[in-house]
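Take a look at the structure set out below.
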Amino acid sequence: MERIVVYTDGAGDSGTWWIVDIAKGSAEVLGVNYPALKPHHVGAISMLRYQSSDGLPISAVVTTPPGDKEGPFPLLVLPHGGPESRDYLGFDWMAQAFASRGYIVLQPNYRGSAGYGIAFRNAGFGEVGNGMHRDIQSGVAALAERGDIDPERVCILGASFGGYLALAAVTLDKGRYRCAVSVAGVSDPVSDLRKDEMHRAYASQRYWRDYFGVSSSRDDELDALSPLKHAKRASAPILLIHGEDDTVVESRHSKRMASKLKSADKPYKYVELDEEDHYLSRAATRQKMLKVALDFVIKHNPPNGVEP
């Protein structure tokens, strides 16, 4: 093998494809993911390691605003979906979009995340409404202790299961955030657990019951973990964004949440993305989602130098 294709991204690099000639010791750029983004547009990316409130070690990706801007900065918490997934040290288009507007972005790999061993994964079982939120809040506290962020200026945005965490943060664990954004998010994660005994035998049913820590279909046990059932407790404005053709998390999750928030006279906004799937596969839709989300967060949690 004389030549290989290599991909790089990170600080100052929005994603570059190279062809490396091993014999010549040279590398030539084949293409870049975002040609309009120059190195000085890309915020610095680093790992933050801290302990959660119960001592569990947590790792998080932190993206800071590019340039020489002075902090402390407002914070956007960006929890990943899954929950058995994780964020890596690299260019993240959503994190970089918010960093470019003057936000520090925290992407915590909370308990239950993949890539840290089976014990860490299993530590997420039964901790959806408890330990996961403590892991996120401990990351916010760690950044505040360093003086990087203003702990009174925090919003949270998540997609899919991350959308559930965002909604739960201002309904089940209220009072900590200025706003929440749910993109293709789950508002009633236990709705599919309200099945009869036959369906409970499915592997997916057992998996989600382990994560949510429920052993029966008792309504009170399940409702305790549902932002939809606690919409009237919403402590901050909520933005709901959903693709109309989403088959992974159906748009009814956001529509029903919007209806509940409206009935409770809580501040919210619902935006439906025409002909879009769960993954925001179309470039135009991603841009629309970013604009709507940025406008919402800037309104409720303005960056330095912007009047509320």
Side-chain angles (χ1 to χ4, degrees), residues 9-10 45-64 75-96 98-99 104-143 148-149 154-170 172-173 176-177 180-187 189-190 192-193 203-214 225 227 248-249 278-280:
D9 71 352
I45 310 159
S46 62
M47 292 300 297
L48 172 69
R49 293 179 173 82
Y50 59 93
Q51 287 189 342
S52 189
S53 59
D54 61 355
L56 185 69
I58 305 293
S59 296
V61 180
V62 176
T63 304
T64 56
L75 174 67
L76 180 78
V77 178
L78 185 61
H80 62 72
E84 202 171 331
S85 179
R86 65 172 292 183
D87 284 309
Y88 293 87
L89 188 66
F91 182 91
D92 183 291
W93 60 273
M94 201 178 300
Q96 289 289 338
F98 280 90
I104 283 182
V105 180
L106 173 71
Q107 296 174 274
N109 287 321
Y110 47 80
R111 66 189 68 201
S113 299
Y116 294 95
I118 196 67
F120 189 84
R121 191 283 303 268
N122 291 348
F125 290 163
E127 294 293 336
V128 168
N130 299 298
M132 287 184 183
H133 292 295
R134 294 198 305 271
D135 297 345
I136 293 171
Q137 281 305 121
S138 295
V140 175
L143 287 175
D148 294 351
I149 61 109
V154 184
C155 280
I156 183 168
L157 182 155
S160 194
F161 183 81
Y164 164 78
L165 291 175
L167 292 175
V170 294
L172 309 180
D173 187 32
R176 303 177 187 273
Y177 299 92
V181 182
S182 170
V183 181
V186 180
S187 67
V190 293
D192 289 336
L193 297 180
S204 61
Q205 290 283 311
R206 295 195 302 272
Y207 177 84
W208 285 111
R209 283 181 177 280
D210 284 343
Y211 257 110
F212 285 100
V214 293
L225 299 172
V248 178
V249 178
H278 185 67
Y279 305 101
L280 304 180

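Nothing fancy with the numbering, it's 1 onward along the sequence.
- Residues A180 and A166 approach most closely at CB-O, 3.7 Å, considering heavy atoms.
- A heavy-atom distance below 4.5 Å is not found between the side chains of M132 and Y164.
- Among all heavy-atom pairs drawn from P227 and S187, the shortest one is CD-O, 3.1 Å.
- Partners of F125 by ring pair (Phe, Tyr, Trp, His ring centres under 6.0 Å), not counting sequence neighbours, listed by chain and number: Y211.
- The distance from the CG atom of L76 to the CD1 atom of I104 is 11.0 Å, given to the nearest 0.5 Å.
- Between atom CD of residue Q137 and atom CD1 of residue I156 there is a gap of 8.0 Å, rounded to the nearest 0.5 Å.
- The side chain to side chain donor-acceptor pair (under 3.5 Å) check on D92 picks up Q107, with sequence neighbours excluded.
- Here CG of L89 is found 8.5 Å from CG of D9. Values are rounded to the nearest 0.5 Å.
- Contact of the H80 side chain with the L165 side chain is not registered, since no non-hydrogen atoms from C-beta on lie closer than 4.5 Å.
- Here the shortest heavy-atom pairing between A142 and L48 reads CB-CD2, 4.3 Å.
- Qualifying ring pair (Phe, Tyr, Trp, His ring centres under 6.0 Å) partners for F91, counting only residues two or more places apart in sequence or in other chains: Y34.
- Here D148 pairs with R146 under the salt bridge (charged side-chain N to carboxylate O under 4.0 Å, His left out) rule; sequence neighbours left out.
- With sequence neighbours excluded, the residues forming a ring pair (Phe, Tyr, Trp, His ring centres under 6.0 Å) with F120 are Y116, listed by chain and number.
- Atom CG of residue L75 and atom OH of residue Y177 lie 8.0 Å apart, to the nearest 0.5 angstrom.
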**Request:** Evaluate the side chain to side chain contact (heavy atoms under 4.5 Å, CB included) criterion for residues Q96 and I45: first the C-alpha distance (whole Å), next the side-chain angles of each, then the deciding distance (0.1 Å), finally the verdict.
**Result:** CA-CA 9 Å; Q96 289 289 338; I45 310 159; 3.8 Å; yes
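- Inter-residue side-chain proximity for V140 and R176 is flagged as unmet; no heavy-atom pair is nearer than 4.5 Å.
- M47 is listed as a side-chain neighbour of V61, based on a closest heavy-atom distance under 4.5 Å.
- Contact between A114 and R86 at its shortest, heavy atoms only, is O-CD, 3.3 Å.
- The shortest heavy-atom contact between P108 and P79 is CD-CA, 4.3 Å.
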**Asked** Under the side chain to side chain contact (heavy atoms under 4.5 Å, CB included) criterion, do M94 and L157 qualify, and how do the steps go?
**Response** CA-CA 10 Å; M94 201 178 300; L157 182 155; 3.4 Å; yes
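- Side chains of V248 and Y279 form a contact here, defined as non-hydrogen atoms less than 4.5 Å apart.
- Atoms OG and CG, from S138 and L56 in turn, are 9.5 Å apart once rounded to the nearest 0.5 Å.
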**Request:** Kindly determine whether I136 and D173 satisfy side chain to side chain contact (heavy atoms under 4.5 Å, CB included), including the steps that lead there.
**Result:** CA-CA 11 Å; I136 293 171; D173 187 32; over 6 Å; no
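- Taking both residues in full, the closest heavy atoms of G82 and S85 are given as CA-CB, 4.2 Å, listed atom of the first, atom of the second, then distance.
- In this structure, the separation between CD on E127 and CG on D135 is 8.5 Å, given to the nearest 0.5 Å.
- With sequence neighbours left out, Y88 forms a ring pair (Phe, Tyr, Trp, His ring centres under 6.0 Å) with no residue at all.
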